[in-house]
Amino acid sequence: MPHLCIKATNTGDGVFALSDIPQGTVVRVMSGERMTGEDIEAAIDRGEVCADDPFQIDEELFIKLDRIPYLFNHSCDPNTGVRDVNQLVALRDIAHGEELTYDYSTTVCTHSVWRMACLCGSPHCRHVIQNARSIPQQQRARYRALRVIPAFIERELIRRTRRGANAS
Ligand SMILES: [Zn+2]
């Protein structure tokens, strides 16, 4: 895995590349303690985990991220994405010194009401980061082609689409 470093950004610390990283490289495994939805809720109630933080990997399964995986910032035009449960892969060639980002919405289940303001500065910025349904169709198709929409999110999106079609 490539060497990374932590640096301050205008939205707190972020993770940066310490070398050029070719497209397709696994830049980090999003490691940490696996917890059920119930465990996470209890940890949030006890004040041990912030409601914004758990990284979702299945309908009722989360990772309480280790420090470095936790520090990756969101971008609406990210240069990495989550593949095969918890591998962060480069979506394009990344230059030494660039900040590494992923689209948080790709890991937020479609019934979540979670919201966070976005200051990513991309021309395609959505301004508010929300669940996976908020990803524009064209971008969703791009992520799908790059295999960076987690399987549980894909299942939910398909279910939602079907339900929508049945309702109309
Ligand atoms: Zn943004």
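One-based numbering, in listed order, for ligands and for the atoms of each. Along the sequence shown, residues are numbered consecutively beginning with 1.
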Open item on the list: Once you measure the plane-to-plane angle for Tyr104 and Trp114, does it fall in the parallel (<30°), tilted (30-60°) or perpendicular (>60°) bin?
Closed with: tilted
TODO: Give a yes or no on whether Cys76 keeps an N, O or S atom under 2.8 Å from the Zn ion (ligand 1).
DONE: yes
Task: Centroid separation Tyr70 to Phe72 less than 6.0 Å - done: no
TODO: Examine Cys120 and say whether one of its N/O/S atoms is closer to the Zn ion (ligand 1) than 2.8 Å.
DONE: yes
TODO: Group every Ile, Leu, Val, Met, Phe, Trp and Tyr by side-chain heavy-atom contacts under 4.5 Å, then state whether Leu4 and Ile6 land in the same group.
DONE: yes
Open item on the list: So that I can check it, does any N, O or S atom in His127 come closer than 2.8 Å to the Zn ion (ligand 1)?
Closed with: no
Open item on the list: Please find the pair of heavy atoms, one from His96 and one from Ala17, that lie closest to each other, and give the distance.
Closed with: CD2-O, 3.4 Å
